[in-house]
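The sequence lines fix the lettering, A, B, ..., with proteins before strands; numbering per chain opens at 1.
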Amino acid sequence: MPELPEVEVVRRGLERGVAGRTIATVTVSHDRAVRRHLAGAGDFEAVLRGRTIAAVRRRGKYLWFDLAGRDLLTHDRAPHDLPTHDGASHHGATVGTALLGHLGMSGQLLVVSPVKEPEKHLRVRILFTDGGRELRFVDQRTFGGLAVVPTVGELPAPIAHIARDPLDSDFDDDAFVAALRRRRTGVKRALLDQTLVSGIGNIYADESLWRAGVHYARPTETLPASTARALLAEARAVMTDALAAGGTSFDSLYVSVNGESGLFDRSLNVYGRAGQPCVRCETVIVRDAFMNRSSFTCPGCQPRPRRARW
DNA sequence: TCCGGCACCTGTACGC
DNA sequence: TGCGTACAGGTGCCGG
């Protein structure tokens, strides 16, 4: 499942593979892949033609391509008419255009030869004017998607609410610790809230909690600041390690732009290890149902709080 | 405003 | 063999 380290690996590959190139044609073969592009698939294909990719950027698990050149989105409408996620206007702000993407559960952005056979779940194909390798969005479960959106300031408008991630140099540790302790929820639910801290998904939430010795159902308001700070440090460490290993992969659903899988799954200590002994204390790892998914914990290292909350 | 539950998807594994 | 069901889970929406 692509979380921050996996998305960053993909971003770096895309930066090398498509930055500076101009889009020739776009083909959408599954409308759901562009469902966030409200004007529809035909418009999506049309507005991208002739645009040059200036840079490939990321916040949390979102990726976007900054588009240079003429600004089709602002051509016919004044900047203050541009919609945002909350309906707010941004009169006077710097407005640009970006191709925004999210990999969802199973999305892949591949840079491949135009003569390569189409993948079974190929959803969007982007060809470039130089005739070189093309960009493909492949997504089995179609939780991911692409959209052409306005950028306001440094961010695409639809993701203005996404918090910085722990690997971002401008991430504010003190503000995070304070905000986490103000919440009235379970600590894992808070870690998965992308408006509080971005980039953490189910795998790295479980790994971070295990490293910090905190149970996922620990109420946030009972966390001492020192524990909250330690948890953040572990989240940062586990994602840094995963990034260095090229990301985590359990199967072929997560791959880099070259189609290669990461190796970090060999380094996971608790996620997916139900029934196996904890590498730290040898207590058997357990799996609990949580938020319609799974939580893996070591009952020895991460005792369940008396007052659990999730 | 904050919090929790759930729909959205498809391929795979497993039990009967 | 074939069918039904559980499971994987990030995000956004909606109701309380």
| request: Measure from CD on Glu221(A) to P on dC2(B) and round the result to the nearest Å. | output: 15 Å
| said: Is a donor from one side chain sitting under 3.5 angstrom from an acceptor on the other, for Ser29(A) and Arg123(A)? | reply: no
| field | Distance, rounded to the nearest Å, where Lys61(A) contributes NZ and dG10(C) contributes C1' | value | 6 Å
| task | Let me know the distance between CG of Leu196(A) and P of dG4(B), rounded to the nearest Å. | result | 13 Å
| Under 4.5 Å between side-chain heavy atoms, hopping through other hydrophobics if needed: is there a path connecting Leu127(A) to Leu14(A)? | no
Any N/O pairs under 3.5 Å between the protein and nucleotides 12-14 of chain C? List them or say none.
{"from": "dG12(C)", "atom 1": "OP1", "to": "Tyr62(A)", "atom 2": "OH", "distance (Å)": "2.6"}

| request: Could you state the atom-to-atom distance from CG of Asp206(A) to P of dG10(C) in whole Å? | output: 10 Å
| N/O (side chain, His102(A)) to phosphate O (OP1/OP2, dT11(C)) under 4.0 Å | yes
| remark: Rounded to whole Å, CZ of Phe137(A) lies from C1' of dC9(B) at a distance of 12 Å
| said: Tell me whether the side-chain N/O atoms of His121(A) come closer than 4.0 Å to OP1 or OP2 in dC9(B). | reply: no
| Would you say Thr185(A) reaches dG4(B)'s phosphate, i.e. side-chain N/O to OP1/OP2 under 4.0 Å? | yes
| task | Return yes if a side-chain donor-acceptor contact under 3.5 Å exists between Thr222(A) and Arg218(A), otherwise no. | result | yes
| message | So, using side chain to side chain contact (heavy atoms under 4.5 Å, CB included) as the criterion, who are the partners of Val284(A) when residues are at least two apart? | response | none
| query | From Leu155(A) CG over to Arg59(A) CZ, what is the distance, rounded to the nearest 0.5 angstrom? | reply | 4.5 Å
| task | Return the value, rounded to whole Å, for the distance between atom CG of Leu191(A) and atom P of dG4(B). | result | 14 Å
Interface polar pairs with nucleotides 6-8 of chain B, N/O, under 3.5 angstrom:
{"from": "dC8(B)", "atom 1": "O3'", "to": "Arg32(A)", "atom 2": "NH1", "distance (Å)": "3.0"}

| request: Kindly calculate the angle separating the two end axes of the helix from dC2(B)-dG16(C) to dC16(B)-dG2(C), each obtained from five base pairs, and round it to 10 degrees. | output: 50°
| query | Charged N to carboxylate O below 4.0 Å: is that the case for Asp241(A) and Arg236(A)? | reply | no
| task | Would you mind telling me which of dT10(B), dG10(C), dG11(B) lies closest to the side-chain atoms of Lys120(A)? | result | dG11(B)
| field | Salt-bridge contact Arg164(A)-Asp172(A) (side-chain N to carboxylate O under 4.0 Å) | value | no
| request: With sequence neighbours excluded, give me every salt bridge (Lys or Arg N to Asp or Glu O under 4.0 Å) pair touching residues 278-290 of chain A. | output: Asp288(A)-Arg304(A)
| note | Distance col, row Leu209(A):CG vs Tyr216(A):OH, nearest 0.5 angstrom, shows 10.5 Å
| In terms of side-chain heavy atoms of Arg309(A), which of dT11(C), dT10(B), dG4(B) is nearest? | dG4(B)
| task | Kindly compute the distance separating CD1 (Ile23(A)) from CZ (Arg51(A)), expressed to the nearest 0.5 Å. | result | 8.5 Å
| Any side-chain N or O of Gln194(A) less than 4.0 Å from the OP1 or OP2 oxygen of dT11(C)? | yes
| said: Just to verify, what does Ala39(A) make a side chain to side chain contact (heavy atoms under 4.5 Å, CB included) with, not counting sequence neighbours? | reply: His37(A), Asp43(A)
| query | Which nucleotide in the list dG10(C), dC7(C), dC9(B) gets nearest to the side chain of Thr142(A)? | reply | dC9(B)
| query | Is it true that the side chains of Lys61(A) and Ser198(A) contain a donor and an acceptor less than 3.5 Å apart? | reply | no
| message | Nearest whole Å is fine: how far is dC2(B) P from Leu192(A) CG? | response | 18 Å
| Would you say a side-chain N or O of Ser294(A) is under 4.0 Å from OP1 or OP2 of dC7(C)? | no
| message | What is the separation between atom CZ on Arg273(A) and atom P on dA8(C), rounded to the nearest whole Å? | response | 17 Å
